[in-house]
Chemist: 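The structure that follows is given in the form of structure tokens.
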Amino acid sequence: MSQESSLKRTHYCGDLRLSDAGSTAQLNGWVRRRRDHGGVIFIDLRDRTGITQVVFDPQIDEDAHALADSVRSEYVLNVSGIVRERAPGELLFNTEAAYQSELTDNTALSSEFRSQFSELDAKYTLSEDIEICERENDKHWLITDVENNRTYDIFSEENGLNVYQGTVNPELVTGEIEVAVESLSILNSAKTPPFPVEDDIEVSEDIRMRYRFVDLRRPVMQKTLEMRHKAALAARNYMNEHGFLEIETPILMNSTPEGARDVLVPSRYYPGKFYALPQSPQQFKQILMMSGVDRYFQIARCFRDEDTRADRQLEFTQLDIEMSFAGVDEVLDVTEGLMKRIFEDAGGIPVQTPFLRLPYHDSISRFGNDKPDTRFGMELTDLSDVMEDCDFQVFTRALSSGGQVKGIAVPGGEEFSRKDIEDLTDFVATYRAKGLAWIKITSEGFSSGIVKFFNPEQLETAQERMGAKPGDIMFFVADRPKVVADALGNLRLHLGHKLNLIDETKYNFLWIVDYPLFEWNEEQNRFEPFHHLFTGATEETLPHLDSDPGKVQSQHYDLVCNGYEICSGSVRIHNWDVQQKIFDILKIKPEEVENRFGYFIDALEYGTPPHAGIAPGLDRIVMLMRNEENIREVIAFPKSQQGLCLLTQAPSNVSEEQLEELSIRVDVDT
RNA sequence: GGGCUCGUGGCGCAGUUGGUUUAGCGCGCCUGCCUGUCACGCAGGAGGUCGCGGGUUCAAGUCCCGUCGGGCCCGCCA
């Protein structure tokens with residue numbers, strides 16, 4: 001066989017159906033498993049699209065059968081042969097034709113009929129989950145026992161009904177057919193893979209990453225890659241339809257000291273100077289608005305040299321968007337449509353728009369953070385006023401020093417043991433809570449070591465406000481507002497997961513709006529931008545800029561889904577006066593402004609249209625659609641938590657010559 | 001920068017208060033047999049510097065210190 005004909009392919013491994021029976025097919029794929037019965041060899045051939053069983057029978061082709069003997073897992077094959085219906089296996093039993101009506105009418109099988117299966121052998125006992133499919137009118141039926149994953153062929157013949165063992169594999173979409181191989185060509189052999197190429201494997205992540213090329217062959221991973229592609233494609237199409245131009249911005253740009261640590265790239269022409277990789281194309285996309293582009297988008301790789309988390313990578317992808325002559329409503333509107341398109345087209349997940357808008361302060365007070373998971377209740381309740389006069393010093397002391405007392409009611413928490421509560425106390429301690437007060441509500445009333453510090457009215461008001469019922473436990477944290485929010489917000493999430501209060505099929509989108517423009521930095525005794533320097537303020541609160549900057553609300557918005565921030569954006573400042581004031585409030589000196597943002601300020605004065613933008617995070621969106629809890633699962637070649645690529649070993653040492661060219665001296669032993 | 005946790009044949013794990021000669025088990029792998037399997041079956045077999053370095057001890061997979069690597073988190077991430 002020539003090389004050319006052995007690469008030919010008529011179908012993918014997920015393509016063939018019963019309707020193809022009788023035709024010839026030629027497939028390429030990897031060997032998922034080989035089952036050698038001595039006389040006949042079955043191979044499950046796998047590619048991106050699925051699996052087809054191919055059969056090697058010496059009676060069909062002796063050479064192909066002999067060659068198949070040497071085939072092992074993950075060998076790369078080309079096979080050609082006849083597609084055929086999977087024939088019935090051995091005759092199991094014969095029975096009266098009377099049962100035919102149950103088959104023809106597609107009714108439930110009678111217990112008499114069923115008992116004949118189990119009498120034959122316990123392994124043939126039929127489950128309740130049965131599908132009957134009529135293959136030929138009044139002649140041939142295929143029964144599928146879905147639960148036990150078995151099939152039976154039943155033929156109506158002169159002697160009654162003959163029941164044969166079925167050879168259809170109900171787990172495969174191609175399970176009704178197989179390819180009887182007439183010609184095999186082994187395109188490549190393979191070492192035994194370090195782990196099986198199939199879903200639901202138990203392998204540590206570092207092994208998967210080292211052999212990512214094997215890992216990515218697994219059907220779940222292929223599905224993720226495909227969904228990610230579809231998400232990007234849906235986004236491109238949607239943006240195009242709405243008049244956005246896709247424009248690339250530089251990867252090598254200036255370092256900006258704000259925000260995250262930059263990833264730096266040394267310059268060869270300018271020894272001692274560095275480019276930085278973009279944390280986001282923020283300044284360039286605004287410059288594009290000043291350039292009259294009107295509507296821009298980009299699928300942009302962003303880099304932030306900060307420690308990673310389960311939902312954070314060193315490099316990640318944003319659908320970067322900016323539009324001129326637009327305010328909050330326009331951006332939110334476009335983004336809602338985009339989310340709907342991506343989730344529906346790529347993920348098959350229906351999305352209801354418009355999304356709810358929740359003010360930042362409400363989110364903090366109800367959920368303890370600005371990315372609430374609203375798929376379950378257990379919201380935080382403020383009890384500061386109730387506890388003001390109680391005798392529990394932990395509470396009163398926190399309150400008198402400007403703190404809060406808040407609580408959550410945990411359904412069924414009466415069951416919690418001393419150890420459970422101790423573990424939860426340790427849990428909130430990671431958020432600097434000094435303790436976790438609790439009161440159980442039993443059928444006899446309030447139960448806890450601290451009940452004595454409260455009068456009945458205080459306890460009852462607390463219970464009523466938190467909506468706690470008998471059988472619940474109430475948890476309280478008293479501390480600075482930030483600690484209370486962190487501790488209870490995370491406790492809420494932790495218990496929500498632990499107690500299975502979350503409906504995993506739900507997708508709860510909501511906007512967080514009305515953020516403050518500035519945040520007061522205690523240590524440095526000055527304001528800091530809550531988001532970035534170019535975020536605009538709302539018109540109503542703009543007058544506070546001079547008198548009380550802390551009161552100014554920004555036109556920033558975040559889109560949150562199921563506890564993840566998936567988009568972040570704002571209306572930008574488009575005039576120099578306001579921008580100047582922001583710099584003043586932040587105490588950035590004019591020389592510094594000139595040095596760092598000179599070109600930007602300059603551009604601002606040359607006719608900048610009002611503009612606004614947003615940046616949806618592609619990785620997290622795909623993560624949500626795939627129901628994954630780890631961002632590495634949706635990135636083809638992710639880095640480990642320590643920033644290593646376990647496949648390529650990056651980062652690595654470079655030669656002395658390279659360093660010399662860049663005028664770089666390395667100060668560590670390598 | 002810090003906390004927790006894991007590291008034992010290719011993979012997943014067990015290995016007790018340090019002490020039984022040859023460090024077990026399952027899967028995978030190899031050889032043979034097997035014509036309807038799809039987690040095929042049956043019989044036999046190979047495969048281990050217990051992450052690495054140092055220490056304590058008569059004796060270390062097991063205890064201590066350091067180090068490397070994986071994971072989760074705090075800080076950080078405008």
Side-chain angles (χ1 to χ4, degrees), chain A residues 32-45 51-60 65 69 72-74 86-90 149-151 153 164-172 174-175 178 180 191-198 200-211 214 256-262 279-280 282-283 302-314 316 426-433 486-487 490 494 515 517-519 521 528-535 554 556 565 568 570 586 615 629-630 632 639-644 646 649:
Chain A
R32 181 230 204 179
R33 227 191 293 274
R34 188 181 72 115
R35 292 177 294 279
D36 185 349
H37 286 247
V40 64
I41 297 172
F42 299 98
I43 286 177
D44 292 337
L45 202 63
I51 287 167
T52 298
Q53 172 168 283
V54 300
V55 189
F56 297 87
D57 187 330
Q59 287 171 1
I60 298 168
H65 179 266
D69 194 55
R72 294 292 180 273
S73 286
E74 298 310 307
R86 292 205 189 179
E90 98 184 76
N149 210 25
R150 284 180 182 280
T151 54
D153 281 286
Y164 298 84
Q165 196 171 39
T167 58
V168 167
N169 184 346
E171 283 200 316
L172 298 180
T174 61
E178 63 193 4
K191 283 182 164 178
T192 303
F195 49 85
V197 180
E198 57 195 38
D200 302 320
I201 50 169
E202 279 181 21
V203 186
S204 61
E205 213 180 312
D206 50 331
I207 303 287
R208 289 176 55 205
M209 291 304 167
R210 197 169 311 146
Y211 299 95
V214 174
T256 50
E258 275 75 33
R261 215 171 277 125
D262 282 317
Q279 293 179 28
S280 81
Q282 185 61 38
Q283 288 180 32
C302 305
F303 305 85
R304 292 179 193 172
D305 190 4
E306 296 295 344
D307 289 1
T308 60
R309 286 286 186 281
D311 64 345
R312 263 164 40 189
Q313 275 279 291
L314 220 69
F316 58 100
D426 290 344
F427 178 82
V428 295
T430 57
Y431 304 95
R432 277 168 307 285
D486 278 352
N490 284 295
H494 178 73
Y515 281 87
L517 189 60
F518 303 109
E519 196 171 25
N521 184 319
E528 281 181 345
F530 200 90
H531 289 99
H532 62 65
L533 290 168
F534 313 109
T535 309
S554 73
H556 182 97
E565 177 204 305
S568 187
S570 61
L586 297 173
E629 279 172 7
N630 196 301
R632 291 183 298 273
K639 309 247 180 319
S640 76
Q641 189 154 63
Q642 318 281 333
L644 290 180
L646 297 178
Q649 296 301 316

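A, B, ... follow the sequence lines: proteins, then strands. Residue 1 opens every chain.
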Chemist: Base, sugar-phosphate or nothing for A/E528? Non-hydrogen atoms, less than 4.0 Å.
Modeler: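 Answer is nothing: A/E528 stays at 4.0 Å or more from every strand.
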
Chemist: Determine the Euclidean distance between corresponding C1' atoms of B/C74 and B/G19; express it in Å to zero decimal places.
Modeler: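 Roughly 42 Å separates the two C1' atoms.
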
Chemist: Looking at B/G66, which nucleotide sits across from it as a Watson-Crick or G-U wobble partner, both distances under 3.5 angstrom, or is there none?
Modeler: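 For B/G66, the partner nucleotide comes out as B/C52, under the 3.5 Å rule.
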
Chemist: Compare every heavy atom of A/T256 with every heavy atom of A/Q283, then report the nearest pair and how far apart it is.
Modeler: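 Heavy-atom minimum between the residues: NE2-CG2, 3.7 Å.
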
Chemist: Just how far, in rounded Å, is P of B/C77 from CZ of A/F316?
Modeler: 13 Å

Chemist: Rounding to an integer number of Å, can you tell me how far A/L45 CG sits from B/U37 C1'?
Modeler: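 Whole-Å distance recorded here is 16 Å.
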
Chemist: Work out how far the P atom of B/U20 is from that of B/C34, and round it to whole angstrom.
Modeler: 45 Å

Chemist: What integer distance in Å separates A/E90:CD from B/C38:P?
Modeler: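 After rounding, the gap between these two atoms is 13 Å.
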
Chemist: A/I41 near the nucleic acid: base, sugar-phosphate alone, or nothing, with a heavy-atom cut-off under 4.0 Å?
Modeler: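 A/I41: no heavy atom of the nucleic acid under 4.0 Å.
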
Chemist: Is any side-chain N of the basic residue among A/R312 and A/D307 closer than 4.0 Å to the acidic one's carboxylate O?
Modeler: no

Chemist: Round to the nearest Å and state the distance from A/Q641 atom CD to B/C73 atom C1'.
Modeler: 8 Å

Chemist: Who is the Watson-Crick or G-U wobble partner of B/U37, with both distances under 3.5 Å?
Modeler: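 Check on B/U37: unpaired, no WC or wobble geometry under 3.5 Å.
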
Chemist: Can you tell me, in whole Å, how much space there is between the P of B/C6 and that of B/U62?
Modeler: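 That atom pair is separated by 14 Å.
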
Chemist: Using a 4.0 Å heavy-atom cut-off across all strands, classify A/E178 as base, sugar-phosphate, or nothing.
Modeler: base

Chemist: Separation of A/K639 atom NZ from B/G71 atom C1', in whole Å?
Modeler: 18 Å

Chemist: In Watson-Crick or G-U wobble terms, both distances under 3.5 Å, what is the partner of B/U16?
Modeler: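 WC or wobble partner does not exist here.
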
Chemist: Distance between the C1' atoms of B/C73 and B/U57, in whole angstroms?
Modeler: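 Per the computed distance, 37 Å lies between those C1' atoms.
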
Chemist: The test is side-chain contact (heavy atoms from CB on, under 4.5 Å); show your working for A/H65 and A/I41 and say whether it passes.
Modeler: CA-CA 7 Å; A/H65 179 266; A/I41 297 172; 3.8 Å; yes

Chemist: Look at the side chain of A/V40 and decide which nucleotide, out of B/C73, B/U35, B/C38, has an atom nearest to it.
Modeler: B/U35

Chemist: What residues, two or more places apart in sequence or in another chain, satisfy side chain to side chain contact (heavy atoms under 4.5 Å, CB included) together with A/E90?
Modeler: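 Testing A/E90 for side chain to side chain contact (heavy atoms under 4.5 Å, CB included), a comparison that skips the adjacent residues, returns A/L92, A/Q165.
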
Chemist: Side chain of A/N630 only, please: which of B/U37, B/G71, B/G70 is the nearest?
Modeler: B/G71

Chemist: Touch check for A/L646, heavy atoms < 4.0 angstrom, all strands: base, sugar-phosphate only, or nothing?
Modeler: sugar-phosphate

Chemist: Can you tell me the distance, in whole Å, between the CD atom of A/Q59 and the P atom of B/G36?
Modeler: 12 Å

Chemist: Got A/R32 and A/I51 here, is their nearest side-chain heavy-atom distance under 4.5 Å?
Modeler: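 Answer yes - side chains close enough.
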
Chemist: In B/S/- notation, 5' to 3', how is nucleotides 39-48 of chain B contacted by protein heavy atoms closer than 4.0 Å?
Modeler: SB--------

Chemist: Parallel, tilted or perpendicular, judged at 30° and 60°: which one describes the rings of A/H494 and A/F427?
Modeler: parallel

Chemist: Spell out yes or no: do the side chain of A/R309 and the base of B/G75 have one donor N/O and one acceptor N/O closer than 3.5 Å?
Modeler: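 Yes, the side chain and the base share a sub-3.5 Å donor-acceptor pair.
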
Chemist: What residues, two or more places apart in sequence or in another chain, satisfy side chain to side chain contact (heavy atoms under 4.5 Å, CB included) together with A/Q641?
Modeler: A/T308

Chemist: Mind checking the P distance from B/C42 to B/C27? Whole angstroms is fine.
Modeler: 10 Å

Chemist: Pick the P atom in B/G36 and in B/G47, then give their distance to the nearest Å.
Modeler: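 These two P atoms come out 34 Å apart once rounded.
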
Chemist: Counting heavy atoms from C-beta on, name the nucleotide in B/C77, B/G71, B/U37 closest to the side chain of A/S640.
Modeler: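 Nearest to the side-chain atoms of A/S640, counting from C-beta on, is B/G71.
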
Chemist: Between B/A43 and B/G51, how far apart are the two C1' atoms, rounded to whole Å?
Modeler: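 Result for the C1' pair: 37 Å, nearest Å.
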
Chemist: Let's see if you can work this out: which of B/C30, B/G71, B/G75 has an atom nearest to the side-chain heavy atoms of A/R432?
Modeler: B/G75

Chemist: CG of A/N630 to CD of A/Q313: how many Å apart, nearest 0.5 Å?
Modeler: 8.0 Å

Chemist: Can you tell me how far C1' of B/C76 sits from CG of A/L314, to the nearest Å?
Modeler: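 Computing the A/L314:CG to B/C76:C1' distance gives 13 Å.
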
Chemist: Does a side-chain N-to-carboxylate-O contact under 4.0 Å join A/D305 and A/R261?
Modeler: no

Chemist: Measuring from atom CZ of A/R35 to atom CD1 of A/I43, what distance do you get when rounded to the nearest 0.5 angstrom?
Modeler: 9.5 Å

Chemist: Which residues satisfy the side chain to side chain contact (heavy atoms under 4.5 Å, CB included) test with A/H532, sequence neighbours excluded?
Modeler: A/Q282, A/F534, A/T535, A/S570, A/R572

Chemist: What interatomic distance, in whole Å, is found between P of B/G3 and the corresponding atom of B/G41?
Modeler: 49 Å

Chemist: Base, sugar-phosphate, or nothing: which does A/S280 touch, judged by heavy atoms less than 4.0 Å apart?
Modeler: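 A/S280: base contact, heavy atoms under 4.0 Å.
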
Chemist: Tell me, for nucleotides 2-14 of chain B in 5' to 3' order, what letter each nucleotide earns: B for a base near a protein heavy atom under 4.0 Å, S for only sugar-phosphate near one, - for neither?
Modeler: --------SSS--

Chemist: Rounded off to whole Å, could you give me the CZ-to-P distance for the A/R312 and B/C72 pair?
Modeler: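 My rounded result for the distance is 12 Å.
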
Chemist: Would you say A/Q642 reaches B/G71's phosphate, i.e. side-chain N/O to OP1/OP2 under 4.0 Å?
Modeler: no

Chemist: By side chain to side chain contact (heavy atoms under 4.5 Å, CB included), which residues pair with A/Q642, not counting sequence neighbours?
Modeler: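 If we apply the side chain to side chain contact (heavy atoms under 4.5 Å, CB included) test to A/Q642, skipping adjacent residues, the hits are A/S640.
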
Chemist: Side chain of A/R632 only, please: which of B/G71, B/C77, B/C30 is the nearest?
Modeler: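 The closest nucleotide is B/G71.
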
